[in-house]
Amino acid sequence: SAGGLLGFLDVFSGGALRRLSVFALGIMPYITASIILQLLTVVWPFLEKLSKEGELGRRKITQYTRYGTIVLSVVQSLSIAFYLERMTLTDKFRIVEHPGIAFKVMTVLTLTTGTAFIMWLGEQITERGVGNGMSLIIFAGIVVGFPRGLLDTAQKIIRGDINIITAI
């Protein structure tokens with residue numbers, strides 16, 4: 001899946017999705033919630049009115065974006081928990097040794113907390129005037145994954161999996 005959708009999402013999480021760390025979901029639930037809210041602002045008159053109310057309306061929409069981020073994080077982390085429970089390496093070896101509700105709850109809590117922390121961190125960066133915090137976090141994730149991607153590409157060229165002349 002390194003070249004597919006999961007590989008693409010892994011770039012935005014700085015490789016955390018591949019390693020399934022606490023920050024595996026990264027900032028993607030926030031970005032998705034933000035896009036959904038922006039689209040709903042055009043379609044839903046209530047949100048359109050809020051967006052035109054200035055700073056107060058913008059704060060309210062930001063709050064809705066936070067709630068949407070948490071909801072999306074819960075859904076995505078629950079999906080990951082179900083996927084991991086079904087995953088096996090061999091007929092006798094399962095990835096999750098003790099599947100069940102406790103595993104699902106712990107996975108949801110862990111991954112959602114990681115996303116909430118990244119969202120908070122991005123907002124803190126923005127508030128401190130360093131720049132757009134979310135954009136900087138995305139940029140950092142890409143920069144962190146760049147050396148690994150470069151090395152993987154070089155190895156594929158050496159093995160002959162990628163033909164440079166055809167790729168150009």
Colleague: Using the rule that two of Ile, Leu, Val, Met, Phe, Trp, Tyr join whenever any of their side-chain heavy atoms come within less than 4.5 Å, decide whether Met119 and Ile35 are in one cluster.
Modeller: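 Yes.
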Colleague: Can you measure from OH (Tyr64) to CG (Leu47) and round to the nearest 0.5 angstrom?
Modeller: 7.0 Å
Colleague: Can you get from Phe46 to Leu56 by hopping between Ile, Leu, Val, Met, Phe, Trp and Tyr side chains that sit under 4.5 Å apart?
Modeller: no
Colleague: Do Leu111 and Ser73 touch side chain to side chain, with heavy atoms closer than 4.5 Å?
Modeller: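 No, their side chains stay 4.5 Å or more apart.
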Colleague: Do you know which two heavy atoms are closest between Pro29 and Thr115, and how far apart they sit?
Modeller: CG-CG2, 3.9 Å
Colleague: Is Leu84 reachable from Phe93 through a run of hydrophobic residues whose side-chain heavy atoms are each under 4.5 Å from the next?
Modeller: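 Linked within one cluster.
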Colleague: Minimum heavy-atom separation for Thr65 to Ala33, with atom names?
Modeller: O-CB, 3.7 Å
Colleague: So, the side chain of Thr112 versus the backbone of Leu109: is there a donor-acceptor pair under 3.5 Å, distance only?
Modeller: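 The answer is no, because no donor-acceptor pair under 3.5 Å joins these two groups.
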Colleague: Closest approach of Thr41 and Leu37, non-hydrogen atoms and distance?
Modeller: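 Minimum heavy-atom separation between Thr41 and Leu37: OG1-O, 2.7 Å.
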Colleague: Which is it for Lys104 and Glu85 under the salt bridge (charged side-chain N to carboxylate O under 4.0 Å, His left out) test, yes or no, and what are the steps along the way?
Modeller: CA-CA 9 Å; Lys104 289 179 187 81; Glu85 282 186 339; 2.8 Å; yes
Colleague: Supply the atom-to-atom distance Ile31 CD1 to Thr69 OG1, rounded to the nearest 0.5 angstrom.
Modeller: 9.5 Å
Colleague: Out of curiosity, Leu72 CG to Gln76 CD, how far, rounded to the nearest 0.5 Å?
Modeller: 6.0 Å
Colleague: Would you give the length of the straight line joining atom OH of Tyr30 to atom CD1 of Ile137, rounded to the nearest 0.5 angstrom?
Modeller: 10.0 Å
Colleague: If you group Ile, Leu, Val, Met, Phe, Trp and Tyr by side-chain heavy-atom gaps below 4.5 Å, do Val143 and Ile118 land in one group?
Modeller: no
Colleague: When rounded to the nearest 0.5 angstrom, what distance separates CD in Glu123 from CE in Met134?
Modeller: 5.0 Å
Colleague: How far apart are the closest heavy atoms of Ile70 and Ala116, and which atoms are they?
Modeller: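 Looking at all heavy atoms of both residues, the closest pair is CD1-CB, 4.0 Å.
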Colleague: Where the side chain of Thr110 meets the backbone of Thr107, is there a donor-acceptor pair that is under 3.5 Å apart?
Modeller: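 Flag not set: sc Thr110 to bb Thr107 has no pair under 3.5 Å.
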Colleague: Are Val105 and Leu78 connected into the same hydrophobic cluster when the rule is that any two of I, L, V, M, F, W, Y join if their side-chain heavy atoms are below 4.5 Å apart?
Modeller: no
Colleague: A side-chain contact here means heavy atoms from C-beta on lying under 4.5 Å apart; do Glu53 and Leu50 qualify?
Modeller: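 A side-chain contact exists here, since the closest heavy-atom pair is under 4.5 Å.
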Colleague: Count the heavy atoms of every other residue, nucleotide or ligand shown that sit under 6.0 Å from CG of Leu151, and state whether that count exceeds 12.
Modeller: yes
Colleague: Going from CG on Leu39 to CD1 on Ile36, what distance comes out if it is rounded to the nearest 0.5 angstrom?
Modeller: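 Separation between the atoms: 8.0 Å.
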Colleague: What is the minimum heavy-atom distance between Gln155 and Arg148, and which atoms define it?
Modeller: OE1-NH2, 4.3 Å
